[in-house]
There are 2 protein chains.
Amino acid sequence: MAQHIYGRPYEETKHGPLFRPCAPHSVLARLGDKWTILVMSHLAVASGHRLRFSELMQGIEGITQRMLTLTLRNLERDGLLARHYFPEVPPRVEYELTVMGASMLPALEGFTSWIRDHWPRIEECRRAYDEARK
Amino acid sequence: MAQHIYGRPYEETKHGPLFRPCAPHSVLARLGDKWTILVMSHLAVASGHRLRFSELMQGIEGITQRMLTLTLRNLERDGLLARHYFPEVPPRVEYELTVMGASMLPALEGFTSWIRDHWPRIEECRRAYDEARK
DNA sequence: CGGGATCCATGAGGATACTG
DNA sequence: CAGTATCCTCATGGATCCCG
């Protein structure tokens, strides 16, 4: 029988619950990568007007051209980002969040605040753990 | 000046907002890995009684001993999981979520439901994107 | 039983150079 | 300006074997 806990599906077997890796996890995996949230946040702040490639680069400390390009392509592929290309000389490209993309960060806000509230304790636990095994 | 958007900090400069990679992101990165959520979910279902290493292995399809060990160690290090070791022969080890660990999945539930609601559309966007560039 | 140790394949991510 | 194209390093994760 299919069950859920906190939105995650599992099957109830005679040996106990059985969890499987599932496809939607790719969304969390993407969010967990190094630059995605920073790019989306920058676009969210700009909400209303689009941002150019160079503006995004300037606004995200340490990102390289390559990683910005890859991050933007992945977001575009998922339908979270719209890319507007103008074949002028020199070329101009503008980016903005789609409606779906704009709805994502607010949905994550509850968890973001959980992290903010618990981060000091987590850091403390890590230090204690590392210290005990040094 | 320090500002925030959806809980994420950034600095307002004369060239526009500036975002930096920040440490708490490691929590999201950990959640984005392959097994963490499945392990935590299994422990959450068992809430009230502890689970043994072998029970966790059985309940998570495809996980190897090595990855289960690594995932458990990381959770323990962050203070999300408690490990109880009994030096018998053969040895027995029991795991349970800490109070902080137990509070994490509920905090994530809002975003989990966002994923569930938007997943079909994301899949559709990916197919369309891949099709257009084939 | 619950790992640790080791080896290996893959992919993320960084540095640099080049281009339509 | 907004990328590609290469090359490189390192971390993640899988497979296998061994051990107290």
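These numbers were taken from a predicted model, which means no experiment stands behind them. A note on names: the letters A, B, ... follow the listed sequences, proteins ahead of strands, and every chain is numbered from 1.
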> Looking at DNA chain D, which of residues 76-83 of chain A put a heavy atom within less than 4.0 Å of it?
Replying inline: A:R83
>> Taking the basic N atoms (NZ, or NE/NH1/NH2) and the acidic carboxylate oxygens, is any pair closer than 4.0 Å for B:E88 and B:R92?
In response: yes
> So, do A:M104 and A:V27 sit near enough that their side-chain heavy atoms are less than 4.5 Å apart?
Replying inline: yes
>> Under the rule for side chain to side chain contact (heavy atoms under 4.5 Å, CB included), what residues qualify as partners of B:E96, not counting sequence neighbours?
In response: B:R50, B:A82, B:H84
> Where does the chain A footprint on DNA chain D start and end, counting 5' to 3' with a 4.0 Å heavy-atom cut-off?
Replying inline: D:dC1 to D:dT6
> Listed by chain and number, what are the side chain to side chain contact (heavy atoms under 4.5 Å, CB included) partners of B:N74, not counting sequence neighbours?
Replying inline: B:R30
> Heavy atom of residues 43-53 of chain A under 4.0 Å from DNA chain D: which residues?
Replying inline: A:R52, A:F53
>> Please compare B:S54 and A:Q65 by the position of their nearest nucleotide in DNA chain C and report the one closer to 5'.
In response: B:S54
> Can you tell me how far C1' of C:dG2 sits from CG of B:L68, to the nearest Å?
Replying inline: 10 Å
> Is the closest basic N to carboxylate O distance between B:R121 and B:E123 below 4.0 Å?
Replying inline: no
>> Can you give me the closest heavy-atom contact between B:P17 and A:V45, atom names plus distance?
In response: CG-CG1, 4.1 Å
> Is any side-chain N of the basic residue among B:R20 and B:E11 closer than 4.0 Å to the acidic one's carboxylate O?
Replying inline: yes
> What pairs with B:T64 under side chain to side chain contact (heavy atoms under 4.5 Å, CB included), at least two apart in sequence or on another chain?
Replying inline: B:R66, B:M67
>> Going by the rule salt bridge (charged side-chain N to carboxylate O under 4.0 Å, His left out), which residues pair with B:R73 if we only count those two or more places apart in sequence or in a different chain?
In response: none
>> Suppose we screen for salt bridge (charged side-chain N to carboxylate O under 4.0 Å, His left out). Which residues come up paired with A:R52, at least two apart in sequence or across chains?
In response: none
>> Nearest whole Å is fine: how far is C:dG3 C1' from B:R73 CZ?
In response: 7 Å
> When the C1' atoms of the five terminal pairs at each end define the local axes, what inter-axis angle does the helix from C:dC1-D:dG20 to C:dG20-D:dC1 show, to 10 degrees?
Replying inline: 50°
> Quick one: salt bridge (charged side-chain N to carboxylate O under 4.0 Å, His left out) partners of B:E55, sequence neighbours excluded?
Replying inline: none
Are any protein N/O atoms closer than 3.5 Å to N/O atoms in nucleotides 10-13 of chain C? If there are, list each pair with its distance.
from: C:dG13; atom 1: OP1; to: A:K34; atom 2: N; distance (Å): 3.2
from: C:dG13; atom 1: N7; to: A:R66; atom 2: NH2; distance (Å): 2.7

>> Holding to side chain to side chain contact (heavy atoms under 4.5 Å, CB included), I want the full list of residues that pass it with A:R126, two or more places apart in sequence or in another chain.
In response: A:W119, A:I122, B:S26, B:R77, B:D78
>> Which heavy atom of B:V39 sits nearest to which heavy atom of B:L68, and what is that distance?
In response: CG2-CD1, 3.9 Å
>> Applying a 4.0 Å non-hydrogen cut-off, can you work out what A:Y95 is touching in the nucleic acid: base, sugar-phosphate, or nothing?
In response: sugar-phosphate
